[in-house]
Every structure is written in structure tokens, then in C-alpha cells.
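Right, one structure below, let's go through it.
Since the model is a prediction, treat every value here as computed from it, not as a measurement. All values below come from the heavy atoms of this structure, side chains included, with hydrogens, waters and symmetry mates left out. Proteins come first, then strands; the chains are lettered A, B, ... in the order of their sequence lines, and each starts at number 1.
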Amino acid sequence: MEKHSFFNNVYDVVRLIPKGKVTSYGAIAHYLGSGRSARLVGWAMNASFNILPLVPAHRVVNRNGMLSGKNHFESPTEMQELLEAEGHKIEDDTIVNFKKVYWDPRVELEM
DNA sequence: TGGGTGACCATAG
DNA sequence: ACTATGGCCACCC
């Protein structure tokens, strides 16, 4: 049975993020039509660890490209490690060339 | 049922 | 330019 919850929708979008790309909470929220309720996306991520299949929450950062949720991973460095493993460059807890690796669901998915 | 919460974003001073 | 505050809306108890 599928849950037509907002959370499930967020997970679906996050799982669609291609490897080597990242996006922001606000982009997902806006894509889902939540408007500015980007907080719900972050909150959904918090529960994403409990949801299967696993959601690449490390590919989701805030508007500044900063790893705001790194503190909520299994380890505070887990997020950075995962992003670096995908070819990203992290500096001062912020993704370098964030704009280049930015993946906007509104554009890529052409809503 | 109602209130509080949350890994944010935008605007105003 | 930086700092502070409000709004937002789904989920949990």
C-alpha cells in the first residue's frame, strides 16, 4: 500500500537525484508545491533513515550549499564523506561549485 | 481535537 | 553587508 504522504513524495524526489548532483530543501518543497515549507522536507529527511529504500539525504543541502543536516547523520562527517565519494568538493562544510552540481527538480523533471 | 515541532527560506531593519 | 524574525505546512502525541 502506498502512502500518499508528503514524506513519501519527498523521498521519491530525493531518490531521483542523479549521482554527483545535489539539491536544496526549498527546491524540493517548491517542486512538490509546498511553497516555502522547506522545513517539512528537512523534517522528512530526519525520518528518511527509518524509511526504505534508503534515501540519499546527503545529496540534499540548504540553499547556501551548506551541509546543514550533517549533524543528523550517523556521524557528523558521514555526509561530507559521502559527498566527496561522489566527486563533490567540500570546503568549510559547504559544497564547492554548488551551483554547478545543483540539480533542480523543477527544471530536470520539467514539471 | 489541538498544539508543538522541524536538517529552511525570504524579507526587513 | 550582516543579523534578526516570521511564515510555512505536514506529522506526532
Side-chain angles (χ1 to χ4, degrees):
Chain A
M1 308 302 276
E2 300 177 14
K3 298 178 184 173
H4 296 88
S5 307
F6 191 87
F7 277 36
N8 204 320
N9 208 346
V10 174
Y11 304 144
D12 190 41
V13 177
V14 175
R15 277 179 283 172
L16 288 175
I17 302 174
K19 186 178 179 183
K21 296 281 185 174
V22 293
T23 188
S24 59
Y25 304 96
I28 298 172
H30 207 285
Y31 171 71
L32 297 177
S34 301
R36 300 168 178 171
S37 324
R39 296 179 167 193
L40 306 191
V41 180
W43 197 7
M45 295 277 90
N46 189 10
S48 69
F49 291 95
N50 244 2
I51 303 294
L52 298 181
L54 297 177
V55 180
H58 60 276
R59 292 181 188 161
V60 186
V61 294
N62 64 355
R63 217 15 182 136
N64 294 317
M66 190 166 100
L67 287 64
S68 52
K70 67 169 186 182
N71 211 354
H72 285 268
F73 276 73
E74 301 179 36
S75 292
T77 53
E78 182 71 14
M79 190 173 186
Q80 181 171 340
E81 291 289 326
L82 289 170
L83 287 171
E84 288 180 339
E86 296 196 353
H88 295 300
K89 196 170 184 179
I90 312 300
E91 192 169 289
D92 195 17
D93 294 332
T94 307
I95 298 177
V96 183
N97 300 328
F98 170 64
K99 250 191 161 179
K100 288 186 178 181
V101 296
Y102 183 66
W103 183 83
D104 194 343
R106 287 182 304 158
V107 178
E108 303 299 327
L109 301 179
E110 297 220 35
M111 65 168 280

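- For the atom pair CH2 of A:Trp43 and CG of A:Leu40, the computed distance is 8.0 Å after rounding to the nearest 0.5 Å.
- Residue-level contact check: A:Ala57 touches the bases, meaning some heavy atom is under 4.0 Å from a base atom.
- Between the CD atom in A:Glu78 and the NE2 atom in A:His72 there is a gap of 15.0 Å [rounded to 0.5 Å].
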Between protein and nucleotides 10-13 of chain C, what N or O pairs are separated by less than 3.5 Å?
unit_1, atom_1, unit_2, atom_2, d
C:dC11, OP1, A:Phe6, N, 3.2

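- Note: CG (A:Asn50) to P (B:dA7) measures 16 Å, nearest angstrom.
- Remark: C1' of B:dC8 and CG of A:Asn46 are 14 Å apart, rounded to the nearest angstrom.
- Taking a cutoff of 4.0 Å between a charged side-chain nitrogen and a carboxylate oxygen, A:Lys21 and A:Glu108 do not qualify as a salt bridge.
- Judged by the 6.0 Å distance and 45° axis criteria, A:Arg39 is not positioned over the aromatic ring of A:Phe6.
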Report, one pair per line, the protein and nucleotides 9-13 of chain B atoms (nitrogen or oxygen only) whose separation is under 3.5 Å.
unit_1, atom_1, unit_2, atom_2, d
B:dC9, OP1, A:Arg63, N, 2.8
B:dC9, OP2, A:Arg63, N, 2.9

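- Under the 3.5 Å distance criterion, the side-chain polar atoms of A:Asp92 are left unmatched by any main-chain donor or acceptor of A:Thr94.
- Atoms NZ and CD1, from A:Lys70 and A:Ile90 in turn, are 10.5 Å apart once rounded to the nearest 0.5 Å.
- In this structure, the side chain of A:Arg59 engages the main chain of A:Ile17 through a donor-acceptor pair within 3.5 Å.
- To the nearest 0.5 Å, atom NE2 of residue A:His88 and atom CZ of residue A:Phe98 are 10.0 Å apart.
- What separates NE2 of A:His72 from C1' of B:dT5 is a distance of 12 Å, to the nearest Å.
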